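The block underneath contains the structure these notes are about, expressed in structure tokens.
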Amino acid sequence: MSVKDNLVHIQNNITKACKKVNRHPNEIQIVAVTKYVTVERAMEAIEAGIQHLGENRDEGFLKKYDEIGKRATWHFIGTLQSRKVKHIIDYVDYIHSLDRLSLAKEIQKRANRKMKCFVQVNTSKEESKHGLEISECINFIKKLEPFDRIEVVGLMTMAPFTEDEALIRRCFRTLKELQMEVQALRLPYAPCQELSMGMSNDYEIAVEEGATFIRIGSSLVGEKNEKVEVSNIESQK
Ligand SMILES: *Cc1c(COP(=O)(O)O)cnc(C)c1O
């Protein structure tokens with residue numbers, strides 16, 4: 001499928017989800033997650049009208065940035081090791097994975113402008129998931145006050161990979177509730193107007209629950225092509 005066809009399909013689903021809850025599709029930005037695919041495929045997304053691209057590894061990001069540069073708005077969506085910050089900080093527009101003070105310190109040290117950051121929260125309470133515990137989130141954001149190179153534009157979460165819609169919805173709702181708590185604090189450095197939540201298998205629920213950035217990889221640009229090639233080689237043996 002072309003990225004354009006996938007995009008039309010996803011936009012239709014977003015429109016339907018918006019209608020259910022009285023939102024406008026313009027409130028939702030699609031971040032095309034290109035971590036599985038080639039630079040060419042990422043370019044196809046740009047040509048289909050996508051503005052936002054997301055990557056989760058510094059190597060993958062820098063390789064694509066080299067070719068695509070300022071034609072996209074860049075989102076770093078993966079776990080970010082502090083020692084990698086200096087490699088990407090000048091080129092990314094948003095960091096979705098701020099979840100500890102040591103990382104905040106490194107961003108503060110390396111950034112030469114205000115960085116738009118999402119604070120990542122582990123709403124599913126799964127051991128394997130990164131992000132702050134729900135109960136730590138507010139305190140963490142309060143502690144960010146001295147870091148004048150960090151703007152908390154929103155919160156980010158990943159729901160569990162499950163068929164259980166109610167469970168997914170509960171995670172997204174928790175993030176929305178936390179957002180309202182943060183907004184009520186009226187911290188100048190944490191307007192927290194955005195919610196980054198929803199992926200290929202749950203973005204419609206996320207839209208219903210208030211997402212403003214949805215991060216879509218496999219159902220928009222596809223998964224790793226290499227997988228197909230590997231299985232072809234296997235079957236030739
Ligand atoms: C890979 C990834 C996505 C996209 O996942 P899909 O299921 O392929 O849409 C979104 N967010 C994060 C943090 C990711 O690592």
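Atoms within each ligand, like the ligands themselves, are counted from 1 in listed order. For clarity, every value in this text was computed on a predicted model and none was experimentally measured.
A 6.0 Å sphere centred on NZ of Lys86 holds more than 12 heavy atoms belonging to other residues, nucleotides or ligands.
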- [ ] Go through the steps to decide whether Arg173 and Glu209 satisfy the test salt bridge (Lys or Arg N to Asp or Glu O under 4.0 Å), and finish with yes or no.
- [x] CA-CA 6 Å; Arg173 225 166 249 185; Glu209 298 300 330; 3.0 Å; yes
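Note on residues 89-125: pairs passing ring pair (Phe, Tyr, Trp, His ring centres under 6.0 Å), not counting sequence neighbours, are Tyr65-Tyr91, His75-Tyr94, His75-His96, Tyr94-Phe213, His96-Phe118, Phe118-Phe213.
Asp148 and Gln108 share a donor-acceptor pair across their side chains, judged by distance under 3.5 Å alone.
For ligand 1, residues of the protein lying within 4.0 angstrom by heavy-atom distance are Val33, Lys35, Tyr36, Ile77, Met156, Met158, Met199, Ser200, Arg215, Ile216, Gly217, Ser218.
Applying the salt bridge (charged side-chain N to carboxylate O under 4.0 Å, His left out) rule to Glu59 yields the partners Arg57; only residues at least two apart in sequence or on another chain are considered. A search for salt bridge (charged side-chain N to carboxylate O under 4.0 Å, His left out) contacts involving Arg149 returns nothing, not counting sequence neighbours.
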